[in-house]
Amino acid sequence: MQSRMVAYVNTIRQKGAMCAPPEPALNYNSSLERAAQEHAKDMALNNRFSHTGSGTSTDLAKSAVGVGSSHIERIIYFGYPKKKGKLLGEVLSYTKVKDHGDDYFAHFKHAIKNLINDRTHCEIVMNPRFSDVGMGMYKSNDRYYFVMNLGEKPN
């Protein structure tokens, strides 16, 4: 599914969006995927929607109990190389289960549409400095939580 998700995002990047002209394709990165998947799971299991982790046992990259992780901490924790001056980004969305049932890809496309239709999120997804991507989704009782992590490959 990850390759299908990356291909879909790359189609948008290569066509351009309302916030940006066409941009180069992103490369799949397993560290970014793991960080995204674990944060989607953390949000779903703790019924929260935030760039800050829950600080509970499901927030694997937390620095201490009760202290929620940042997207940068999660991305580095799961092995993506961080170099000074290089960008790391994260965008979040969710969809309601009732809107698409158990059609995982329909939920994913809806989440991407939400992001691309919001100027700030669109500018992050379309940022030409990003070279790598990993995405995760996790279902709660009534929502699919979606996370996209982006990285600028260190030279």
Side-chain angles (χ1 to χ4, degrees), residues 1-17 19-95 104 107-108 111-140 143-155:
M1 182 62 77
Q2 192 73 203
S3 62
R4 191 173 173 201
M5 292 164 66
V6 172
Y8 186 81
V9 170
N10 281 335
T11 298
I12 293 167
R13 280 180 60 96
Q14 291 170 333
K15 286 181 182 177
C19 70
E23 298 297 349
L26 298 166
N27 299 304
Y28 163 76
N29 182 278
S30 61
S31 296
L32 292 173
E33 176 190 3
R34 180 88 193 279
Q37 184 61 39
E38 291 299 329
H39 188 51
K41 180 179 178 181
D42 180 45
M43 288 191 300
L45 294 178
N46 290 284
N47 192 32
R48 56 185 282 127
F49 186 72
S50 174
H51 288 284
T52 302
S54 67
T56 69
S57 63
T58 58
D59 183 3
L60 302 180
K62 66 187 175 300
S63 58
V65 175
V67 177
S69 63
S70 70
H71 73 283
I72 293 171
E73 290 170 322
R74 289 188 295 275
I75 289 169
I76 292 169
Y77 178 85
F78 287 105
Y80 191 81
K82 173 62 177 145
K83 187 174 179 183
K84 187 175 180 173
K86 299 297 181 178
L87 291 180
L88 297 176
E90 177 178 83
V91 291
L92 312 174
S93 187
Y94 71 85
T95 60
Y104 191 83
H107 283 282
F108 164 74
I112 293 298
K113 181 180 176 186
N114 289 344
L115 295 170
I116 293 300
N117 287 334
D118 175 80
R119 184 162 201 82
T120 301
H121 290 102
C122 181
E123 288 172 354
I124 295 168
V125 172
M126 296 297 291
N127 188 321
R129 287 182 59 188
F130 288 126
S131 56
D132 299 324
V133 68
M135 294 169 271
M137 285 179 65
Y138 200 89
K139 181 182 175 187
S140 71
R143 293 180 181 182
Y144 276 88
Y145 290 83
F146 172 76
V147 179
M148 178 189 293
N149 285 142
L150 299 133
E152 181 180 11
K153 198 172 277 327
N155 296 338

Does [X] have any side chain to side chain contact (heavy atoms under 4.5 Å, CB included) partners at least two apart in sequence or in another chain, and if so, which?
| X | value |
| --- | --- |
| Gln2 | Met5, Val6, Tyr28, Glu33, Met135 |
| Arg13 | Val9, Asn10, Glu23, Pro24, Leu26, Met126 |
| Asn117 | Lys113 |
| Ala35 | Arg74, Ile75, Phe78, Asn149 |

Please collect all ring pair (Phe, Tyr, Trp, His ring centres under 6.0 Å) contacts where either partner lies in residues 43-77, sequence neighbours excluded, each pair once. Phe49-Tyr94
For the student: nearest non-hydrogen atoms of [X] and [Y], plus distance:
| X | Y | result |
| --- | --- | --- |
| Ala40 | Gly136 | CB-O, 3.9 Å |
| Ala36 | Gly134 | CB-O, 3.7 Å |
| Val91 | His121 | CG1-CD2, 3.7 Å |

Any donor and acceptor pair, going by atom type alone, linking the side chain of His39 with main-chain N or O of Ser50 inside 3.5 Å? yes
For Asp42, side chain to side chain donor-acceptor pair (under 3.5 Å) partners two or more places apart: Asn46, Ser54, Thr58
Please enumerate all residues that pass ring-ring contact (aromatic ring centres under 6.0 Å, His included) together with Tyr144, with sequence neighbours excluded. His107
Qualifying salt bridge (Lys or Arg N to Asp or Glu O under 4.0 Å) pairs with a residue from residues 119-132, counting only residues at least two apart or across chains: Arg119-Glu123, Arg129-Glu152, Asp132-Lys153
Only pairs at least two apart or in different chains count here, so list each salt bridge (Lys or Arg N to Asp or Glu O under 4.0 Å) that has a residue in residues 60-71. none
Hey, what do you get for [atom1] ([X]) to [atom2] ([Y]), rounding to the nearest 0.5 Å?
| X | Y | atom1 | atom2 | answer |
| --- | --- | --- | --- | --- |
| Ile72 | Ser69 | CD1 | OG | 11.0 Å |
| Ser140 | Asn47 | OG | CG | 7.0 Å |
| Asn27 | Ser131 | CG | OG | 6.5 Å |
| Ile76 | Ser70 | CD1 | OG | 7.5 Å |

Evaluate the side-chain proximity of [Y] to [X]: yes if any heavy-atom separation is below 4.5 Å, no if none is.
| X | Y | answer |
| --- | --- | --- |
| Leu87 | Phe130 | yes |
| Ile112 | Phe146 | yes |
| Phe108 | Thr95 | no |
| Val133 | Met148 | yes |
| Ile12 | Val125 | no |
| Met137 | Tyr104 | yes |

In chain order, what residues pass the salt bridge (Lys or Arg N to Asp or Glu O under 4.0 Å) check against [X], with sequence neighbours excluded?
| X | answer |
| --- | --- |
| Glu73 | none |
| Arg48 | none |
| Lys82 | none |

Verify side-chain contact (heavy atoms from CB on, under 4.5 Å) between Leu88 and Leu150, making sure each step is shown before the conclusion. CA-CA 6 Å; Leu88 297 176; Leu150 299 133; over 6 Å; no
